[in-house]
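Everything below concerns the one structure shown next.
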Amino acid sequence: MAEWDIQKLEEKYRDTWPEMFEADPDEREKFYLNVAFPYPSGAMHVGHGRTYIVPDVIARFWRMQDKNVLFPMAFHVTGTPVIGISRRIAKGDPETVRLYRDLYRVPEDVLARFDDPMTIVEYFARDYERIMQRCGLSIDWRRRFITVNPQYSKYIEWQYAHLKEGEHVVKGVHPVKYCPSCDNPVGDHDLMEGEKAEIMKFTLILFEWQGAKIPCATLRPETIYGVTNLWANPEVTYLRANVDGEKWILSREAAYKLEMQDHTVEVTGEVSGAEIVGSKASHPLCGEVPVLPAAFVDPDVGSGLVMSVPAHAPFDYIALRDLQEQGKFTEVEPVAIIKSEGYGEIPAKDAIERAGITHQLDPRMDEVTREVYGAELLHGTLLANCGDQASKPVKQARDDVAALMLEDYGSKVMFEFDTQNVVCRCGGRVYVKILHDQWFLQYSDPIWKAQVHEQINEMEIVPQEVRAEFDRTVDWLKDWACTRRVGLGTKLPWDQNWIIEPLSDSTLYMAFYTIAHHIKKIDPEKLTPEVFDYIIYGTGNPTTVPRETLDAIRAEFLYWYPYNYRFSAKDLISNHLTFQLFHHRAVMEEDKQPQGMVIFGMGLLNGAKMSSSKGNVVLLDDALNEFGPDTVRMFLVGSAEPWQDFDWRNELVIGAKKQIERFWNTVSEGIAVEENDGREIDGWLISRLQHRIEHTTTALQNFQTRQALQEAFFGIEADLKWYRRRLPTIAPGSAAIKELCSVWVRLLAPVVPYTSEELWHQLGHEGSVAFAPWPVADAAKIDEKTELAEEFLARTVEDIESIVRIIQMEPRAVNLYVAPAWKRQVFSIIAGAADPKKAIKLVMADEDLRSRGKEAADAAKQVTKFIHRLPPELVENVTAHDLDEMAVLTAAQEFLEREVKVPVRILEAEGSGEVKADTALPFKPAIVIE
RNA sequence: GCGAGGGUAGGUAAGCCAGGCCAAAACCGGCGGACUUAAGAUCCGUUCUCGCAGGAGUCCGUGGGUUCGAAUCCCACCCCUCGCACCA
């Protein structure tokens, strides 16, 4: 019997496998599964490993069920990250170089060529492919592509033509975070500071002022009715400017921001804050109000000029009060316009006084402000002095007044961050910019959303719980800017200045897999939209490619599509996974919609989040070298169900390795030993095996890889343990063991393909275990009575042992007293009773039993208690099979004596004269130790 | 802050939806023993507390509640993970 040497097994089989899993349409039923493809900008770690190994286990499982399984792979290389990496490497950025040279161990000569982004992705794509093959992934590599292949670009162009035709791609304006020094929009991950900053929409309310307008930015336009004054900072020099052709007064900062936000701003002069202070400004909805001085007014917030609503804004209230305490502007009175529960006439005043705030600089001012704003938004109603808005709830009035302002009073919208200091990685300040000419995928379209909801409802989603998250995401999605100026990718077909954004070019590639190996062979120039129309829809009359070629390609598409399952980690739910549903709905026909999704948990390393940038990773290649592919696979699919987070810990992985070794040794022994005569216990083993097959199959059908392993590995091992305990002196070489080995190797083949492949051959089978028939449970081999008898024995031995353990005497002999038949009668009656409370009455209704009087009543009580503690199926079996306990125990006498190491006597309880024998119950003999 | 999911014995984790089979599966780890020159592997026992007869007590994030009965149902609180976008 050879030692288990996984390295050798890997070398023996790895390179012969890739062609084996090339899948072509045939008469069998298909099973098509795919995974979110990787962006190969760095080395694979064990977290990536699980992403591909779990689907592979599922693929191998279904393949053995005689499904035609397609499992393809490609590489996503579009976008900007590798461009940044290549630049940083070219510059010699030490951190990046360290990551690639030391952690990912890229050879120096290769690293030297990493100044070209394509070199990076091509290098790592090859590396991924190599490592995936080491892992034994049953991928059809003929279909491999990368997302900048010209043929793929043609497919994307076709897709976008249809999206545009369906009016799902529209040109729009959109506020984005923008870094003027990079001259590019920036994502949150590009920010050094202010990552959580949100873009807020202010209304600029225009006040008449000496032939010009003073814009005041507000989030609460409805408070215009309560404006008593404006605030200007006397220390600030404001600008006079023509904004969109109108004369405005505003801060320098505000002028710059508005320019970024698509307004024309032409500076014509300056005016000091001091000059403005003391003058009057007016708005039709609040009349003429004075401009008051305020040092707290920040020119870098809003327009740099503020409207004041002292009744409802604590800052305004306290600033006004402070001025008035100095005897200034005493004629200004707060104007209350909102009634809100829990507050008096002037909520700002109440809140400040309740909090005991006496000074504007009190740090609790922000908190009090939030409190008042929140309370008024939730419960406030506008008062009678608010014109048309009177008695409206604040919530509604806010929107109505904002709309009114924009329509009738010349207001403009201004965007601002909710936090100051938003800084780009380049160190430059980030502003809100309105992008025009930008193309958007209109995910906000309610009709489109409704279609996706419908699809989510029809799909199988594993685990069920994430369905809610998908629905939430669909509701929450707004329009998505789908074009960029920089990065790798496909040009927008109708506007060549734009590149299709990388998330937006990878929503329908699952369909491309079905035809990729054919399409690759066609000159991209010939791949007109008509060609794809013909392949996907079967319409039109393309002439650039021979018709029989197209018919074959279309046939293949129709065979595989739609996909059965897509596998991905849960962090992609809120974008990619939901996007692809939108795109399928828009472009693919009704019967080509995604059928199912399986969502994975995340990976941890020793309890901490895996992160390449922090160096907290185990590279998959290293893990394969150290433990071998089967161990890595077994650990990754066995330590947690796919949707749970898993934690890679080396000491646990070593455990998995030992387990496979045990499996190897047991099966090798089984093969080596000469067949000998079967024993009765063989029937039990084979009967148990049927349950294991059934449970493993169900688990894998439900993607429960961990559960499957519990059954297929530990379950079978536990059965074997009992089997050997019952037959310690006989070598395990029976026909039953051979049968078990053959089944066992196949049950574990999806998880440990290398080990199983070798054992399968050693068992004398031709062909790969990957295509061997999956075991099917045979009901005829299930022998419930034997299983029950063994359970009875096991429980009895356990009971004896637990008693021996407690008593502190050395046992000399064990007497077992089997319960009399009439107690079995009691057991049946009680077990069958619908209402347990009436069970005792039922027992006493039996004449024979009643004649036993108190004895019967006591037994009934004991039996009731006992039944209560047993699993219901077991109770059912006990009743159904009416086990001859005497015979079972007698037959196992030798076994019992070996177990307890003293003579065992098996006796009838009835008439034994032993007091303790009275406690004998069916399925629970009385035990007396001498 | 908002949205989704989750907290079970030393660790991983099943059970929870359908309350009583639950002192709570399974695996790992720990401890003791057998085998061995030894280590490893393997096997046996043990791993909340108490108990010289198969039993009792306490326990499933915290605090309440419902129920004859709660890890499981309800309420509140605390803590953790993921997502919150123009980016893979």
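The chains referred to below are lettered A, B, ... by the order of the sequence lines, with proteins before strands, and numbering in each begins at 1.
- For the pair A:Lys177 and B:A85, the criterion of a side-chain N or O lying under 4.0 Å from OP1 or OP2 is not met.
- When distances run from any side-chain atom of A:Ile929 to the nucleotides B:A88, B:A53, B:G11, the shortest one goes to B:A53.
- If you check every strand for non-hydrogen atoms under 4.0 Å, A:Val653 touches nothing.
- Within the 6.0 Å centre-distance limit, the rings of A:Phe895 and A:Trp722 are counted as a close aromatic pair.
- For B:A13, neither phosphate oxygen OP1 nor OP2 lies less than 4.0 angstrom from any side-chain nitrogen or oxygen of A:Ser639.
- Residue A:Ile927 is in base contact, counting any heavy-atom pair closer than 4.0 Å across all strands shown.
- With A:Arg633 contributing its side chain and A:Val54 its backbone, the two residues share no donor-acceptor pair below 3.5 Å.
- Between A:Gln707 and B:A26 there is no side-chain polar atom (N or O) within less than 4.0 angstrom of OP1 or OP2.
- At least one side-chain heavy atom of A:Leu191 sits under 4.5 Å from a side-chain heavy atom of A:Val186.
- Scanning atom types as modelled, no donor and acceptor separated by under 3.5 angstrom connect the side chain of A:Asn665 and the base of B:A41.
- Projected onto RNA chain B by closest heavy-atom contact, A:Val77 and A:Phe646 fall at different nucleotides, the more 5' of which corresponds to A:Phe646.
- Residue A:Arg87 places its CZ atom among 12 or fewer non-hydrogen atoms of other residues, nucleotides or ligands, all under 6.0 Å distant.
- An OP1 or OP2 oxygen of B:C28 is reached within less than 4.0 angstrom by no side-chain nitrogen or oxygen of A:Lys657.
- Among the protein residues, A:Thr473 comes within range of no part of the nucleic acid, since none of its heavy atoms lies under 4.0 Å from any strand.
- If you measure from atom CD1 of A:Ile573 to atom P of B:G3, you get 17 Å, rounded to the nearest angstrom.
- Close to B:A41, at under 4.0 Å from its OP1 or OP2, lies a side-chain N or O of A:Lys658.
- Searching all strands for a Watson-Crick or G-U wobble partner of B:C17 with both distances below 3.5 Å returns nothing.
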